[in-house]
Amino acid sequence: MAATFWLYRLGKVLCSLLGYWEIRAFYTKALKIPSDQLCSCSWWEVQARLISLQREQPMCVHKRELTELDVHHRILRFRNYLVAMVNKSLLPVRFRLPLLGEVVFLTQGLKYNLELLFFWGPGSLFQGKWNLQPQYKRSGARLQLARRLGRTMLLLGVANLLLCPFILVWQVLYAFFSYTEVLKREPGSLGARRWSLYGRLYLRHFNELDHELQARLSRGYKPASKYMNSFTSPLLTVLAKNVGFFAGSILAVLIALTVYDEDVLTVQHILTTLTLLGLIVTVARSFIPDEHMVWCPEQLLQCVLAHIHYIPDHWQGSAHKSETREEMAQLFQYKAVFILEELLSPIVTPFLLIFALRAKALDIIDFFRNFSVEVVGVGDICSFAQLDIRNHGNPQWLSQGRTEASVYQQAENGKTELSLVHFAITNPRWQPPPESSLFIGHLKEKVQQDAAHASPAQRLLAEAPFSTSLLSDEGLSTMPDALLASVLGHPILAAGTLVPQAERHLLAHPGSTAGAAASILASLSCSQLPRRNYPVGENSVYRSDTTLLGDSVAPPESRQLPLTRSAVLSEFASAEMSLHAIYMHELHQQQQQPQPPAPSPAPSQCSAQAQAAASARPSCVRSQDLLLGGWEEEEAPSPAQQRERETC
């Protein structure tokens with residue numbers, strides 16, 4: 001079995017090398033990219049050259065002009081279907097088990113079977129790699145097609161069940177060869193976390209490429225780890241400290257004896273004892289929290305949201321609850337849990353195919369019929385990937401009055417709206433559909449309106465990153481991090497998240513997270529940084545009307561940046577999208593909350609005198625203009641005002 005495993009890996013590597021050689025030949029000959037620039041060439045330049053090549057030498061005979069969206073549809077045809085199915089909760093991956101509660105189970109083996117069943121296997125819904133089979137586009141035979149799909153699921157599940165012993169041995173060998181050396185070198189690596197396969201599909205935008213998703217989740221790794229590590233158990237901490245102390249003391253004695261007399265190493269099982277004691281100390285230390293840690297889960301969750309862009313609505317204001325942490329653990333799981341799920345996959349997957357998935361056969365047939373559209377030159381694609389607000393927008397995500405979608409047609413969690421903003425930022429030359437263009441224009445107007453009502457403190461926060469980056473030796477490469485830090489790292493952020501739900505309506509936009517993000521976005525659109533025209537593909541992200549940045553943040557000519565231009569611009573695009581995600585989630589939460597009626601003022605002389613005294617204050621200390629710390633500084637009352645208060 002081990003020899004078979006090694007031969008399979010060798011064959012897979014050789015096939016991959018042949019495929020990469022063909023890709024290299026296409027890049028160098030067709031796209032005319034020099035071989036020495038292949039490692040540093042950005043995706044924007046590759047895409048621009050590909051679209052230009054289509055005009056000069058048509059690769060697609062059915063369509064003269066290829067757009068950025070067409071290119072992404074060709075690459076991500078099947079991936080967009082999976083993202084949409086997870087978004088609509090169509091795949092049976094959530095289960096409630098005794099003692100464990102609600103769990104999510106989606107492994108590489110189960111994903112492979114789903115792709116085999118839907119896209120490219122024998123009897124799949126697609127013919128070739130381009131088109132859905134014609135019978136699945138008609139509603140007349142939906143029941144018959146559902147029975148056929150259920151029968152295919154049954155046969156596939158039985159095949160998995162018969163092959164279960166061999167697949168299980170294969171998984172054990174793979175885990176042994178992959179992780180044994182890592183565990184020996186880093187015993188605490190099993191306690192590290194990784195984004196689960198379900199989390200990658202749940203958090204993925206429509207039309208988001210693999211390298212874009214990986215970069216975004218990598219930026220969110222540290223904030224997510226800090227949030228998950230902020231939950232500690234006092235009892236577990238005490239036990240870990242004592243277990244670590246006793247194991248460490250024995251380990252110290254054995255190490256001292258080894259140093260004193262090396263013959264101690266010849267004692268039977270002494271090396272095994274040293275290894276186990278070191279492992280126990282490492283595991284126990286992982287359960288001991290940092291003594292300097294400040295527990296602020298709401299702010300940590302906002303930092304996570306800035307990078308992952310999607311969280312359920314009920315997480316807002318509930319970041320301190322264990323239920324939220326458990327749901328977050330479904331997206332951001334321990335590596336040990338990932339390995340255990342992959343080992344159990346050969347046993348669990350057949351039963352999921354035979355029972356859980358078969359019950360969804362009719363819903364799956366309806367999904368592919370209702371949400372598949374044919375695009376000339378591209379083939380059949382998922383309609384959600386067209387980013388059409390009119391057909392798939394959600395009124396609760398700034399699409400009210402611009403969408404005609406029913407509840408069944410709407411994407412959940414603002415997936416259509418956030419995916420549209422993400423694609424418009426990363427592909428600024430793309431022309432969206434009319435309703436989507438109106439949505440982007442409305443979003444820009446909303447940002448400008450909220451920024452116009454911002455307090456001087458918010459405007460100061462918005463201008464600080466620009467001043468810092470211009471004075472820094474690293475130039476604009478430090479600005480993207482400073483933009484997010486100015487919103488996420490300031491106490492004003494807490495004004496929108498730490499107060500009770502019943503009092504949140506009292507907060508004005510200038511003191512909320514939405515106001516802070518709007519101020520930063522508006523400052524980006526009107527910043528007066530040095531500009532320079534670069535060739536197509538290098539800084540085109542910031543030269544479009546669809547983004548707030550425009551071309552205002554191109555790197556200055558006179559400053560040598562440690563990063564490449566494409567890397568800097570990619571960081572700017574990521575920062576802008578993070579600000580939009582924070583801003584849109586905050587507006588969504590405000591729209592979800594009922595607006596209480598304004599209290600009527602009491603007709604009393606004291607209130608009239610108080611209003612007159614308030615209007616007599618200087619404008620720089622009024623309540624709507626919060627100072628930098630987020631609190632208003634009170635002035636010493638004059639003698640006349642003091643007598644009026646005593647009279648009242």
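As the structure is a computational prediction, the values presented were derived from the model and not from experiment.
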request  = Evaluate the ring planes of Tyr202 and Tyr310, with Trp represented by its six-membered ring, and classify them as parallel (under 30°), tilted (30 to 60°) or perpendicular (over 60°).
outcome  = perpendicular
task = Evaluate side chain to side chain contact (heavy atoms under 4.5 Å, CB included) for Ile440 paired with Val421, printing each intermediate quantity in order.
result = CA-CA 7 Å; Ile440 294 176; Val421 174; 5.6 Å; no
query = Is Arg204 salt-bridged to Asp210, cutoff N-O under 4.0 Å?
reply = yes
request  = Could you check Ile75 against Val71 for side chain to side chain contact (heavy atoms under 4.5 Å, CB included), going step by step and ending with a plain yes or no?
outcome  = CA-CA 6 Å; Ile75 299 174; Val71 175; 4.1 Å; yes
query = Phe368 and Tyr136: aromatic ring centres closer than 6.0 Å?
reply = no
message = If you count heavy atoms of other groups shown closer than 6.0 angstrom to NE2 of His211, is the number above 12?
response = yes
query = If every non-hydrogen atom of Pro432 is compared with every non-hydrogen atom of Ser437, which pair is closest and at what distance?
reply = CG-OG, 3.2 Å
Nearest atoms (heavy-atom pairs only) where Ser419 meets Phe206 = OG-N, 3.0 Å
inquiry  = Is it the case that the side chain of Arg74 and the backbone of Gly379 share a donor-acceptor pair, with hydrogens and angles ignored and the cut-off at 3.5 Å?
reply    = no
note = Residues passing the side-chain contact (heavy atoms from CB on, under 4.5 Å) test with Glu412, sequence neighbours excluded, are Asn87, Lys88
remark   = Taking every heavy atom of Ala522 against every heavy atom of Val447, the minimum-distance pair comes out as N-CG1, 4.2 Å
key: Contact check, side chains of Thr403 and His392, non-hydrogen atoms, under 4.5 Å   = no
note = dist Ser318:OG -> Glu298:CD (nearest 0.5 Å) comes out at 7.0 Å
note = Between Phe126 and Asn131 the two heavy atoms that sit nearest each other are CD2-O, 3.3 Å
key: OG on Ser218 to CD on Gln214, rounded to 0.5 Å   = 4.0 Å
task = Establish, yes or no, whether a centroid distance under 6.0 Å links the rings of Tyr227 and Phe332.
result = no
inquiry  = Quick check: do Leu110 and Leu197 have side-chain heavy atoms less than 4.5 Å from each other?
reply    = no
remark   = Interatomic distance, CZ@Arg79 vs SG@Cys382, rounded to 0.5 Å, equals 13.5 Å
task = Indicate yes or no for a side-chain donor-acceptor contact from Gln589 to the backbone of Glu586 under 3.5 Å, with no hydrogens or angles considered.
result = no
ask   = Does atom NZ of Lys137 have more than 12 heavy-atom neighbours, drawn from other residues, nucleotides or ligands, at distances under 6.0 Å?
value = yes
task = Look only at the side chain of Gln54 and the backbone of Lys63, and say whether a donor-acceptor pair between them is shorter than 3.5 Å.
result = yes
query = Could you go step by step and tell me if Arg429 and Gln47 meet the side chain to side chain contact (heavy atoms under 4.5 Å, CB included) rule?
reply = CA-CA 11 Å; Arg429 296 184 182 275; Gln47 184 174 246; over 6 Å; no
inquiry  = Less than 4.5 Å apart, side chain to side chain, heavy atoms only: is that true for Arg216 and Glu208?
reply    = yes
key: Gln333: partners by side-chain contact (heavy atoms from CB on, under 4.5 Å), with sequence neighbours left out   = Arg194, Ser196, Val337, Phe338, Glu341
message = Working note: Gln316 + Gln302, criterion side chain to side chain contact (heavy atoms under 4.5 Å, CB included); need CA distance, chi angles, decisive distance, verdict.
response = CA-CA 9 Å; Gln316 294 284 359; Gln302 285 290 330; 3.4 Å; yes
inquiry  = If the condition is side-chain contact (heavy atoms from CB on, under 4.5 Å), which residues does Asn394 pass it with, not counting sequence neighbours?
reply    = Gln396, Trp397, Gln410, Glu417
request  = Return yes if some donor-acceptor pair links the side-chain N/O of Ser436 with the main-chain N/O of Leu387 below 3.5 Å, else return no.
outcome  = yes
query = Got a sec: does the CD of Gln400 have more than 12 other heavy atoms crowding it under 6.0 Å?
reply = no
ask   = Any donor and acceptor pair, going by atom type alone, linking the side chain of Glu45 with main-chain N or O of Ser42 inside 3.5 Å?
value = no
ask   = Is the closest side-chain heavy-atom distance between His73 and Asn207 below 4.5 Å?
value = yes
Heavy-atom side-chain contact between His72 and Asn80 under 4.5 Å = no
ask   = How many angstroms lie between CD1 in Ile364 and CG in Leu357, if you round to the nearest 0.5 Å?
value = 4.5 Å
inquiry  = Counting the benzene-type ring for Trp, do Phe367 and Phe118 have ring centres under 6.0 Å apart?
reply    = no
ask   = Distance from Asp380 atom CG to Leu125 atom CG, nearest 0.5 Å?
value = 11.0 Å
query = Glu326 and Ser322: side-chain donor and acceptor closer than 3.5 Å?
reply = no
query = Which residues pass the side-chain contact (heavy atoms from CB on, under 4.5 Å) test with Leu143, sequence neighbours left out?
reply = Arg147, Leu362
inquiry  = Using side-chain heavy atoms (C-beta onward) and a distance below 4.5 Å, is Leu217 in contact with His307?
reply    = no
ask   = Are Glu115 and Lys111 close enough for a salt bridge, meaning some N to O gap below 4.0 Å?
value = yes
request  = In plain terms, say whether Glu571 and Arg219 are close enough for a salt bridge, that is, a side-chain N and a carboxylate O under 4.0 Å apart.
outcome  = yes
query = Mind checking whether Tyr408 and Phe371 have parallel, tilted or perpendicular rings, split at 30° and 60°?
reply = tilted
task = Sorted by first residue and then second, give each salt bridge (Lys or Arg N to Asp or Glu O under 4.0 Å) pair with at least one member in residues 390-411; sequence neighbours left out.
result = Arg390-Glu404
message = Quick one: does any side-chain atom of Gln591 pair with a main-chain N or O of Pro395 as donor and acceptor, under 3.5 Å?
response = yes
task = Quick one: pull up CH2 in Trp195 and CG in Leu203 and give me the separation to the nearest 0.5 Å.
result = 6.0 Å
Residue pair Arg77 / Phe119, side-chain heavy-atom distance below 4.5 Å = no
Whether Ser574 side chain and Ser570 backbone form a donor-acceptor pair below 3.5 Å = no
task = Kindly give the heavy-atom pair with the smallest separation between Asn391 and Gln409, and that separation in Å.
result = O-CB, 3.7 Å
query = Which atom pair, heavy atoms only, marks the closest approach of Ala306 to Ile582?
reply = CB-CD1, 3.7 Å
query = Excluding sequence neighbours, so at least two apart, what forms salt bridge (Lys or Arg N to Asp or Glu O under 4.0 Å) with Arg369?
reply = Asp366
Note, Met577 side chain near Leu418 side chain (heavy atom, < 4.5 Å) = yes
ask   = Which of these passes side-chain hydrogen bond (donor to acceptor under 3.5 Å, both in side chains) with His205: His309, His422, Lys415?
value = His309
